[in-house]
2 protein chains.
Amino acid sequence: MNDRPTRIPQYQYLYESLRQQIIRGDFKSGDLLPSEKDLQNQFRLTQPTIRQALGLLVQDGYIRKHQGKGSIVQPLPIGLGVMSIVGRLANTANASRTERMTTAILTKPKLHTFPDDFLFTPTEDDTKAGFYFLERLRAVEEEPVFFEKIILPNRYLPGFSRQRLENRSLFDLLRTKYGLLVKGGEQKVLAVAADGDLARLLSVPIGNPVLRLDKRLDTNRPDFSFYSSLYARTDRYILHGRF
Amino acid sequence: MNDRPTRIPQYQYLYESLRQQIIRGDFKSGDLLPSEKDLQNQFRLTQPTIRQALGLLVQDGYIRKHQGKGSIVQPLPIGLGVMSIVGRLANTANASRTERMTTAILTKPKLHTFPDDFLFTPTEDDTKAGFYFLERLRAVEEEPVFFEKIILPNRYLPGFSRQRLENRSLFDLLRTKYGLLVKGGEQKVLAVAADGDLARLLSVPIGNPVLRLDKRLDTNRPDFSFYSSLYARTDRYILHGRF
DNA sequence: TGCAACAACTTATTATAATAAGTTTCAGAT
DNA sequence: ATCTGAAACTTATTATAATAAGTTGTTGCA
């Protein structure tokens, strides 16, 4: 019905449109969003489509819905939203606040077997194909905040080891070069004491508590998941998420 | 269309029905669920309703859907699923595996001001009304696993301090007695070193890394949220979740 | 004044229908 | 034997429609 590039579904367009209005402050915390009926008229869409978009806003914590009342705008997350445990759009949603964040690649991608201290088990097919392994250190204002190991199965990724990752998000690379989108996954979190290597990387005393967050990231390809093991200083930057 | 008590929506009934089949093993990891068309015929429901139920199964990680292919059953989470960071039905879904888990109330509910080391800020109205404060210690096989402080606004909760909480889930009490359902919330997670009190409670050496998980839990009442601050030993039981 | 009942709003659930788009399979051509 | 492409299947998107159910405000009665 629109002359926009019909690539993007209407409900996603509406979601993004409302989300921007909330972020810009057009709707403030505590406000009621226009009713579903109003949104129908305004955007020339029907109720199911409207509700699909509002459902996404609920999932991401921007609004809460109450039957008979309306959609209540929630306060925006405070603080530096750098690290999000959950959240469908975590990486893109927080991109605007990562200006001062730098990423250093410590290990160029190279083939490796699956690390045995990892909290997930890869599929048999993945194990046979081997894995790319890379490490990166992220810092805010020159101060190291988290250290991450990433393990990618050596499948569907021709020429991966030749890619540059310095100033490019791994997620962007996977999306633009290989058509891979992260759709969800599983995570495990625990508190560990920093050993020598980790303490040096994160500039904390040996034995200091450090947060470890292991993830399996599932993609739009049913048989392709990859893995990440993240060690974070949480004395300054806290991980947060919704549920 | 059914003679079941029409209280529960069809999509929830279907969700639970399929979930049980997956848990029982009728559908195994890697299997394809019946197509949406088949489910329509089988349950006498239409596609949107089917899809709503399948959407919940995706959210909770039981299946993954792929356009043109079908709904792929995922492996059930391994290990003791006691502690879930995220998950809409975390408390009920894991109830079956908590046989050996015990809960001790360390502090009877009493009125208090909002603790200042907490990572969330309550609303102004809540602050004026004051808060109930209670502490509990959870153990598996006599071994302490996590210690939790719970803070509830002193509103809508007549007679709360007289309630017994020993062998009863707080969530059950809130639901049955006060009609309050947890619908979602926000969480912040960090690694801390155990101080004297905490080390004693969790039976770990002072200075050991401990995971701290603070939550704001939103309920079906728009103006009622409560708070939890949880300290967990993660050397033995890891927190996990989906995103 | 106080309260009960109702009207007018809201979101929630469900059905029906049509079309788009991705994956699999297999027949047929090369 | 291998590749091409169409057919048949799948899920995804969107529209239209009707009814249920929760919330708010108002009207009018006691």
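Numbered from 1 within each chain, the chains take letters A, B, ... in sequence-line order. Reckoned from all heavy atoms, side chains included, excluding hydrogens, waters and symmetry mates.
- Distance B:Asn41 CG to D:dC9 C1': 14 Å, rounded to the nearest Å.
- For A:Leu39 and D:dA15, the CG to P distance is 13 Å, given to the nearest whole Å.
- Each of C:dT14, C:dA12, D:dT14 was ranked by its minimum atom distance to the side chain of B:Leu45; first place goes to C:dT14.
- Of the two residues contacting DNA chain C, namely B:His66 and A:Asp38, the nearest-nucleotide position lying further toward the 5' end is that of A:Asp38.
- The interatomic distance linking B:Leu56 (CG) with C:dT13 (P) rounds to 10 Å, in whole Å.
- Residue B:Arg162 places its CZ atom among 12 or fewer non-hydrogen atoms of other residues, nucleotides or ligands, all under 6.0 Å distant.
- Checking the phosphate oxygens (OP1, OP2) of C:dT14, no side-chain nitrogen or oxygen of B:Tyr11 falls inside 4.0 Å.
- Between C:dA17 and B:Thr46, no contact under 4.0 Å exists linking OP1 or OP2 to a side-chain N or O.
- Ring planes of B:Phe118 and B:Phe120: tilted class, angle from 30 to 60°.
- Regarding B:Glu36, its CD atom lies at a distance of 15 Å from the C1' atom of C:dA15, rounded to whole Å.
- Residue B:Pro34 is the one, among B:Pro34 and A:Thr49, whose nearest nucleotide of DNA chain D lies closer to the 5' end (criterion: closest heavy atom).
- C:dA12 atom P lies 17 Å from atom CD1 of B:Ile8, rounded to whole Å.
- Under the 30°/60° scheme for interplanar angles, the aromatic rings of B:Phe160 and B:Tyr178 are found to be tilted.
- Within the 4.0 Å cut-off from OP1 or OP2 of C:dT11, not a single side-chain nitrogen or oxygen of A:Arg51 is found.
- For A:Gln52, the side chain to side chain contact (heavy atoms under 4.5 Å, CB included) partners at least two apart in sequence or on another chain are A:Tyr11.
- The phosphate of D:dT10 has neither OP1 nor OP2 within less than 4.0 Å of any side-chain N or O from B:Lys37.
- Residue A:Leu54 is tested with A:Leu14, A:Thr49, A:Leu33 for a side chain to side chain contact (heavy atoms under 4.5 Å, CB included); the sole match is A:Leu33.
- Contacts between residues 216-226 of chain B and DNA chain C, counted as heavy-atom distances below 4.0 Å, involve no residue at all.
- Rounded to a whole Å, the CD atom of B:Gln67 is 12 Å from the P atom of C:dT24.
- We find that CZ of B:Arg64 is positioned 15 Å from P of D:dT11, with the value rounded to whole Å.
- As judged by a 4.0 angstrom heavy-atom cut-off over every strand, A:Leu54 is placed among residues making no nucleic acid contact.
- Both the sub-6.0 Å distance and the 45° axial angle are satisfied by B:Arg221 relative to the ring of B:Tyr156.
- Comparing D:dA15, D:dA12, D:dA18 by their closest approach to the side chain of A:Pro48 singles out D:dA15.
- Using a cut-off of 4.0 Å between Lys/Arg side-chain N and Asp/Glu carboxylate O, A:Glu135 and A:Lys149 are scored as not salt-bridged.
- A sub-4.0 Å separation between OP1 or OP2 of C:dG22 and a side-chain N or O of B:Lys69 is absent.
- Within the nucleic acid shown, B:Ser35 comes within 4.0 Å of sugar-phosphate atoms alone, with no base atom in reach, counting heavy atoms only.
- Checking D:dT11, C:dT13, D:dA20 against every side-chain atom of A:Gln47, the shortest atom distance belongs to C:dT13.
- The shortest non-hydrogen separation linking A:Ile8 to A:Tyr13 is CD1-N, 4.0 Å.
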